Amino acid sequence: MSRRVKRKASKTKAMFDDNLCLKRRAVVDWTGLPDDTVVQLFSCLNYRDRASLSSTCRTYRILGCTDCLWDTLDLRFQKFDAATAVLLAPRCANVKKIRFRGAESASAIMLLQARGLREVSGDFCREITDATLSVMAARHEALECLQLGPDFCEKISSDAIKAVALCCPNLRKLRLSGVRDIDADAINTLAKHCTKLEEVGFMDCLNVDVAALGNVVSVLFLSVAGTRSINWTLASQSWSKLPNVIGLDVSRTDINASTVSNLLSSTQNLKVLCALNCPLLEAEGNHATYCTTGRLLLALFKDTFKGVASLFADNTKEKSVFLDWRNGKMGDKHLNAIMIWLEWILSHSLLRIAESNPQGLDEFWLSQGAALLLSLVQSFQEDVQERAATGLATFVVIDDENATVDCKRAEAVMCDGGIRLLLDLARSCREGLQSEAAKAIANLSVNAEVAKSVAEEGGIDILSNLARSMNRLVAEEAAGGLWNLSVGEEHKGAIAVAGGIKALVDLIFRWPSGIDGVLERAAGALANLAADDKCSTEVALAGGVHALVTIARSCKFEGVQEQAARALANLAAHGESNGNNAAIGQEAGALEALVQLTCSHHEGVRQEAAGALWNLSFDDRNREAIAAVGGVEALVSLAQNCSNASQGLQERAAGALWGLSVSEANSIAIGQEGGVAPLIALASSDAEDVHETAAGALWNLAFNAGNAFRIVDEGGVPALVHLCSSSISKMARFMAALALAYMFDG
C-alpha cells in the first residue's frame, strides 16, 4: 500500500495549482497521442476492451485494426462461434497464433480465413471430431504447432492425425492429450510428410505404437507422459535409435529402473529424461544405478533444481537456474530449446500430479514441488504460467469435498515469495493469467496466515478489481478469493474499503441466473461480510438485499441457495442496530422464498433458510408475515423430519419455531399443526444448542392452555424435568423450569 505524503502549501498556491490542473485537464486531447503509444495501450487490453476503445473515435478505430494487435488471438474467454468469426474475419488475415476453447470454437476458426496461421492451441477438446481437425489442418497448411489438451481428445483418432500430417508439412510441434489410439500408420505418415517435426507429445493416451515413433527421425523432444500400455522393451529398442532426440518425457507411466537405465545409456544424443511420478521407478529409487554422465534424470527422488543447473557449464545458483536462464545470463540456442521444453513438460506433469493427489508426496511438494511451480509461474510462456498457477491452486487442496488446504504446503508457497508472484500475475492484462492466479490466491487464502499475507501485499484491492471483470471466469475466481479472505474478521473492513462489497453485489446483478459458480462465491462472500455490523449496512446500501433475494427465488443451484439464505440470515442478525431485518421482510418474495427453501432436498439449504427465518422472526411484522406465507406449516414439517439431521439444522428449526411462537396466534397454530411432539424430541437432545432452543419454544407454547395439555399428553413433562436437572445450559434449565411453571400454574 503506497503512502501518501501531504505537502504544506499556502491556500493561494493550492488554488493556483487546482486552476492549473483544471486548465490542463480541459485541453487534453487523447487522440493527439503518438500512434505507437496508442497501439501499445491497445496491446495491454483484452479483445472486449479493444473493441470498446476502438468505437470511441475514427482515429482509434483505425489504430485498433493495426496488424500487430491481431497476430495473436486468445478466444477462450469470449463466446466464439460462427457469427463472431465472420465479424472478426476482416481483421484476421495476419493472425499467426490462436488459442480457443471447445468444439464450437474449433469449427468457427475456419471462418476467420487466417491462411497464415502458424500455431493453434485448444482446450476442452472432448467433443472435437476427426472431421473438425481434418478441415482445420486443410485450411491452414502453414501450421507449425498444434496443441490440443490437457483434457482428453476422446473423439480424435489416427485418421485425423494422418490428415494433419498430409496437410501441414511445416509442422514442428504436435501435442495431443487423451487420444484413444495412435497407430503406426498415423505416426509413419507424420515421419514421412512432416520432416521438420521437432517435438511430439502424445500424453495420457490409451495406446501409442511406440515402435513407429522410432521412425520420426527428426524429433528432438518426445513425451508419452501418462500414456498406458507401453511395451517398454520395444520402446527402449526403438527410441534408442532416434538420432536427434535430446529430451524424453515418460512421467506418470509404469516405466521401471531397468528401462530408464537402458534409455540413458543407449540413446545417442539424449540429454534429459523426465520420469516424474513413476511408481515402479520410485520403488527402486536411488538404489538403482543409472549411467547419467552428461545426462539428466528428473524424478521425484532427485533434486530437480540441482539437475537442471548441471546442464550449464558455470556454477549457477541451483534455485534460481530458471530465472537466470530467462534473464539471458547463460545458455545457448541448443540449451534454450531444452529449457523451453523442460518448462512445458514440468508444468504439465506437476499439474497432473497435483490433480491426482497421490499419497506420500508431502516431502516432494515441500522440498521442491512448490518452488518449481513458483519458478514456472515466472516463465515467458503464457501457457506454462497458467498451468503453474493452476498447479499451485490444486496441490494445496488435499480434500476437495471439504475444501481442506494443507497448511504446510500453503505456507511453503508463502515463504518462497509466492503471494507476491501470484498477485503480480493477477495484475496481468491477460485474462487467462488473471483467472488462474486468482484461483491460486483464493485456495491459498483458506489458510489464515496466507490470508494475512495476501491482505498485507495488497491482494484485497487486486481481487476487488478483478471481481469487476466482464470475464465471468476471472470474476468468479476473484469472488472466491474474497469469500475466503472474508472469513477473517480483520479483512472484512478492508474488503469494504476496497469496494469489494459493491463489486460482489454487481456480480449477482450481472449474472443473475444459470451461472452457479460465480453466484455461489459472490453470495458466500457477502454472507461472511454480512456477519459484520458495519459491512452488513454496506451490503444493504449496495443493493445486496434485492440481489440475494433474487437468486434465492430464481436460482436452482443448491450451493447458491445455501449461500444466499446464509447471507440473508446474517443480514437479519443485527437486530435494531440497522434496518436490514425489516428491509428483508419488505423485499418482495423474500419470505416466500425462504419458506420454500426449508423444503429443499439439500440439508445445508434447509438449515440456512431456517436460520434466516429465525433471525427475521425477531421483527414483529416479519413474524406475522412468515406465518402468512406458510411458515408455521413448513417449519413444523422441518422439525418433524430432522431427527436424524445435523445439530445445526435441528437448532435452527427449533429456533425458528421459538421465534414465531412469540405471537399467540402463531403459538396456537404451531400446536395445532403438530409442532409440540418434534419440539419435545429436540428438547431431549444431548446437544446444548438444540435442547436450549427447543426449551425456549416449549416455554412460549406453554402460555396457551391447549398447548400445555399437548405437552403433557406428548410426554413433555419428563423431558422438561430432565432439562431442569441435567442440562449444562443455564438458559435451558431456566426456560424448562418456566415452561413447567406456566403449565402447572394453569
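When reading the values below, keep in mind they use all heavy atoms of this one structure, side chains included, and skip hydrogens, waters and symmetry mates. Everything numeric in this text was worked out from a predicted model, so none of it was measured. For this chain, numbers begin at 1 and follow the sequence in order.
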More than 12 heavy atoms from other groups under 6.0 Å of [atom1] on [X]:
{"X": "K271", "atom1": "NZ", "result": "no"}
{"X": "E363", "atom1": "CD", "result": "no"}
{"X": "R126", "atom1": "CZ", "result": "yes"}

Is a side-chain donor or acceptor of [X] paired with a backbone partner of [Y] at a separation under 3.5 angstrom?
{"X": "R118", "Y": "G116", "answer": "yes"}
{"X": "K408", "Y": "D406", "answer": "no"}
{"X": "N269", "Y": "P243", "answer": "yes"}
{"X": "E282", "Y": "N277", "answer": "yes"}
{"X": "T66", "Y": "C68", "answer": "no"}
{"X": "S464", "Y": "I460", "answer": "yes"}
{"X": "S251", "Y": "L276", "answer": "yes"}
{"X": "R175", "Y": "L146", "answer": "no"}
{"X": "W341", "Y": "L248", "answer": "no"}
{"X": "E477", "Y": "L473", "answer": "no"}

Pairwise distance [atom1]([X]) to [atom2]([Y]) - rounded to 0.5 angstrom:
{"X": "L69", "Y": "S54", "atom1": "CG", "atom2": "OG", "answer": "8.5 Å"}
{"X": "M414", "Y": "E411", "atom1": "CE", "atom2": "CD", "answer": "5.0 Å"}
{"X": "F202", "Y": "I182", "atom1": "CZ", "atom2": "CD1", "answer": "4.0 Å"}
{"X": "C145", "Y": "K173", "atom1": "SG", "atom2": "NZ", "answer": "5.5 Å"}
{"X": "L75", "Y": "T84", "atom1": "CG", "atom2": "OG1", "answer": "9.0 Å"}
{"X": "I353", "Y": "R252", "atom1": "CD1", "atom2": "CZ", "answer": "7.0 Å"}

Would you call the rings of F322 and F305 parallel, tilted or perpendicular if under 30° counts as parallel and over 60° as perpendicular?
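Judged by the thresholds at 30° and 60°, the geometry between F322 and F305 is perpendicular.
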
Exercise: identify the closest heavy-atom pair between [X] and [Y]:
{"X": "H348", "Y": "S177", "answer": "NE2-OG, 4.1 Å"}
{"X": "D74", "Y": "Q78", "answer": "O-OE1, 3.4 Å"}
{"X": "R387", "Y": "L351", "answer": "CG-CD2, 3.9 Å"}
{"X": "N244", "Y": "V217", "answer": "ND2-O, 2.8 Å"}
{"X": "A479", "Y": "L507", "answer": "CB-CD1, 3.8 Å"}
{"X": "S310", "Y": "L296", "answer": "OG-CD1, 4.5 Å"}

Could you check whether any side-chain heavy atom of [X] comes within less than 4.5 Å of a side-chain heavy atom of [Y], counting everything from C-beta outward?
{"X": "K439", "Y": "T394", "answer": "no"}
{"X": "N94", "Y": "W70", "answer": "no"}
{"X": "L281", "Y": "F301", "answer": "yes"}
{"X": "F221", "Y": "W344", "answer": "no"}
{"X": "L350", "Y": "F395", "answer": "no"}
{"X": "R139", "Y": "R115", "answer": "yes"}
{"X": "I109", "Y": "M136", "answer": "yes"}
{"X": "F80", "Y": "L88", "answer": "yes"}

Which residues pass the salt bridge (Lys or Arg N to Asp or Glu O under 4.0 Å) test with R180, sequence neighbours left out?
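Applying salt bridge (Lys or Arg N to Asp or Glu O under 4.0 Å) to R180 gives none.
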
D123: partners by salt bridge (Lys or Arg N to Asp or Glu O under 4.0 Å), with sequence neighbours left out
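Residues passing salt bridge (Lys or Arg N to Asp or Glu O under 4.0 Å) with D123: R101.
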
Check side chain to side chain contact (heavy atoms under 4.5 Å, CB included) between [X] and all other residues, then give those that pass, not counting sequence neighbours.
{"X": "C167", "answer": "A137, A138"}
{"X": "P169", "answer": "none"}
{"X": "V405", "answer": "V396, V397, A410, V446"}

Tell me, with the steps shown, if E343 and R326 meet salt bridge (charged side-chain N to carboxylate O under 4.0 Å, His left out).
CA-CA 11 Å; E343 283 192 335; R326 292 186 202 110; 2.8 Å; yes

Before accepting this row, confirm whether a basic side-chain N of the pair [X]/[Y] lies closer than 4.0 Å to the acidic partner's carboxylate O.
{"X": "K155", "Y": "E127", "answer": "yes"}
{"X": "E382", "Y": "K97", "answer": "no"}
{"X": "K452", "Y": "E449", "answer": "no"}
{"X": "D383", "Y": "R99", "answer": "no"}
{"X": "E198", "Y": "R172", "answer": "yes"}

Evaluation steps, side-chain contact (heavy atoms from CB on, under 4.5 Å), between L148 and F100:
CA-CA 10 Å; L148 300 179; F100 72 90; 3.8 Å; yes

Kindly state each residue pair satisfying ring pair (Phe, Tyr, Trp, His ring centres under 6.0 Å) with at least one member in residues 371-394, sequence neighbours excluded.
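For residues 371-394: none.
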
Test item: side-chain donor near acceptor, T390 and E436, under 3.5 Å:
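Side-chain D/A pair, T390 to E436: present.
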
When you check the side-chain N and O atoms of S223 and D249, is any donor under 3.5 Å from an acceptor?
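Per modelled atom types, S223 and D249 side chains form a pair under 3.5 Å.
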
Can L444 and L422 be said to form a side-chain contact (heavy atoms from CB on, under 4.5 Å), step by step?
CA-CA 11 Å; L444 289 162; L422 288 168; 3.6 Å; yes

Derivation of the side-chain contact (heavy atoms from CB on, under 4.5 Å) call for D254 and W232
CA-CA 9 Å; D254 58 356; W232 288 110; 2.7 Å; yes

Verify side-chain contact (heavy atoms from CB on, under 4.5 Å) between I462 and I441, making sure each step is shown before the conclusion.
CA-CA 11 Å; I462 293 171; I441 293 165; 5.8 Å; no

